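As the structure is a computational prediction, the values presented were derived from the model and not from experiment.
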Amino acid sequence: MRPAIRLGINIDHVATVRNARGGQHPDPVAAALLAVQSGADGITAHLREDRRHIRDTDLERLRAEVDAPLNMEMAATDEMVAIARTLRPHACCLVPERREELTTEGGLDVAGQSSTMAPKVHALKAAGIRVSLFIDPEPAQIAAAAATGAQVVELHTGAYAQGKAGELERLQRAATQAASLGLEVHAGHGLTYENVEPVAAIAEIRELNIGHFLIGQAIFDGLPTVIQTMRSRINNATGH
């Protein structure tokens, strides 16, 4: 039987709600603690350059207070690499970032930025941080990701979640290629109860990172319930 898929919970949008009023409630660290108590395997938080949701102090508290792997999503900039090397989360996932975007709109162009990407990957690895690259499921990007020395790729599932034809097959081919190059395969973006099982069924995928849907659904059902329901859907797909 294949290993169980890990479920990482992205808590960015707990911070979005908090920041709407400028106070301290709801606390994303409290949400992270509850998520882990409810069965999440790890916590993801994206420290954006404009600090629109997660703040530096949130990451410091997550690192200190939550007994679960912390995955810091970040742009591939000198500022973020320096912060990560000081914080030393379990993992960093490098993502593309534009200030005007509402959410991450696609994967990194690793193939076109290999000369600048590889040194950042190496700097993070030298600090003992596991490095993941968030990429579209394209052969050239996967090959380039492997060449940087990153240990993990996270496949962008946004086009699949939007119903684009052929995307599930594209994800499958990408996962097979990445695993053949020695990369651990994760996936995420736009996953919901309704569309997660076909992605979870891809044999090479070891981790799914899900945020917006679960935090939104938690308004109606509560965070423990939505995490347990998502875990059940994933397990249905993997036979666990």
> Are L181 and V152 linked, directly or through other ILVMFWY residues, by side chains that come within less than 4.5 angstrom of each other?
Replying inline: no

>> I want to check something: taking the side chain as every heavy atom from C-beta on, are L191 and F213 in contact at a cut-off of under 4.5 Å?
In response: no

Solution key, residues 162-169 side-chain donor-acceptor pairs under 3.5 Å, sequence neighbours excluded:
{"from": "E167", "atom 1": "OE1", "to": "R170", "atom 2": "NH1", "distance (Å)": "3.1"}
{"from": "E167", "atom 1": "OE2", "to": "R170", "atom 2": "NH1", "distance (Å)": "3.0"}

>> Given 3.5 Å as the limit, does a donor-acceptor pair link the side chain of D109 with the main chain of G112, or not?
In response: yes

> In Å, rounded to the nearest 0.5 Å, how long is the span from CG of D67 to CD of Q37?
Replying inline: 11.0 Å

> Within a strict 4.5 Å, meaning less than it, do heavy atoms of the D78 and K120 side chains meet?
Replying inline: yes

> Is N195 reaching over with its side chain to a backbone N or O of T192, donor-acceptor style, under 3.5 angstrom?
Replying inline: yes

>> Let me check something: do F134 and I9 share a hydrophobic cluster, defined by ILVMFWY side-chain heavy atoms less than 4.5 Å apart, either directly or through other members?
In response: no

> Would a distance-only check, ignoring hydrogens and angles, find a side-chain to backbone donor-acceptor pair under 3.5 Å from R173 to E138?
Replying inline: no

>> Whether the side chain of D136 engages the backbone of G107 through a donor-acceptor N/O pair (distance < 3.5 Å, no angle test) should be reported.
In response: yes

> Who are the side chain to side chain contact (heavy atoms under 4.5 Å, CB included) partners of S38, not counting sequence neighbours?
Replying inline: L34, P224, I227, Q228

> Honestly curious: do V95 and Y160 fall in one hydrophobic cluster under the side-chain, below-4.5 Å linking rule?
Replying inline: no

> Under a 4.5 Å cut-off applied to non-hydrogen side-chain atoms, are R130 and C92 in contact?
Replying inline: no

> Of all heavy-atom pairs between A200 and I5, which one has the smallest distance, and what is that distance?
Replying inline: O-CD1, 3.2 Å

>> If we ignore hydrogens and angles and just use 3.5 Å, is the side chain of E154 paired with the main-chain N or O of H186 as donor and acceptor?
In response: no

> What's the verdict on side-chain hydrogen bond (donor to acceptor under 3.5 Å, both in side chains) for E73 and N71, showing C-alpha distance, side-chain angles and the deciding distance?
Replying inline: CA-CA 6 Å; E73 287 190 346; N71 176 35; 4.9 Å; no

> Does any non-hydrogen side-chain atom of V29 lie less than 4.5 Å from one of V14?
Replying inline: no

> Counting only heavy atoms not in E194, do more than 12 sit closer than 6.0 Å to its CD atom?
Replying inline: yes

> Within the distance-only criterion (no hydrogens, no angle test), does the side chain of R85 pair as donor or acceptor with the backbone N or O of M80 below 3.5 angstrom?
Replying inline: no

>> Using a 3.5 Å distance criterion without hydrogens, assess whether the side chain of N235 forms a donor-acceptor pair with backbone atoms of S232.
In response: no

> Where is the tightest heavy-atom contact between M72 and P89, given as atom of each residue plus distance?
Replying inline: CB-CG, 4.0 Å

> Is the shortest side-chain N to carboxylate O distance from D12 to R48 below 4.0 Å?
Replying inline: no

>> Applying ring-ring contact (aromatic ring centres under 6.0 Å, His included), can you list everything that pairs with H122, at least two apart in sequence or on another chain?
In response: none

> Does the side chain of D41 reach to within under 4.5 Å of the side chain of R231, using non-hydrogen atoms?
Replying inline: yes

>> Under 4.5 Å between side-chain heavy atoms, counting indirect links through other Ile/Leu/Val/Met/Phe/Trp/Tyr residues: same cluster for V36 and L214 or not?
In response: yes

> Closest approach of A218 and V226, non-hydrogen atoms and distance?
Replying inline: N-CG1, 3.8 Å

> Do N10 and I210 touch side chain to side chain, with heavy atoms closer than 4.5 Å?
Replying inline: no

>> Check this for me: does any side-chain nitrogen of one of E79 and R51 sit under 4.0 Å from a carboxylate oxygen of the other?
In response: yes

> Can you check whether I215 reaches L223 side chain to side chain, under 4.5 Å on heavy atoms?
Replying inline: yes

> Looking at R6 and E184, does any basic side-chain N land under 4.0 Å from a carboxylate oxygen?
Replying inline: yes

> Is R61 salt-bridged to D27, going by a charged N under 4.0 Å from an acidic O?
Replying inline: yes

>> In the structure I gave you, are the side-chain heavy atoms of H189 and H212 within less than 4.5 Å of one another anywhere?
In response: no

>> Quick check on the hydrophobic clustering: are I83 and V66 connected, directly or via other members, by side-chain heavy-atom contacts under 4.5 Å?
In response: yes

> Under the 3.5 angstrom rule, does the side chain of H240 hit a backbone N or O of R2 as a donor-acceptor pair?
Replying inline: yes

>> Main chain of G188, side chain of T157: is a donor-acceptor contact present, judged purely on distance under 3.5 Å?
In response: yes

>> Could you report the tightest heavy-atom contact between E204 and V185, atom names first, then the distance?
In response: O-CB, 3.6 Å

> Are any side-chain N or O atoms of R52 and backbone N or O atoms of E49, one a donor and one an acceptor, separated by less than 3.5 Å?
Replying inline: no

> Do Q151 and S132 pass the side-chain hydrogen bond (donor to acceptor under 3.5 Å, both in side chains) test, and can you show the C-alpha distance, the side-chain angles, and the key distance before you say yes or no?
Replying inline: CA-CA 6 Å; Q151 299 103 320; S132 173; over 6 Å; no

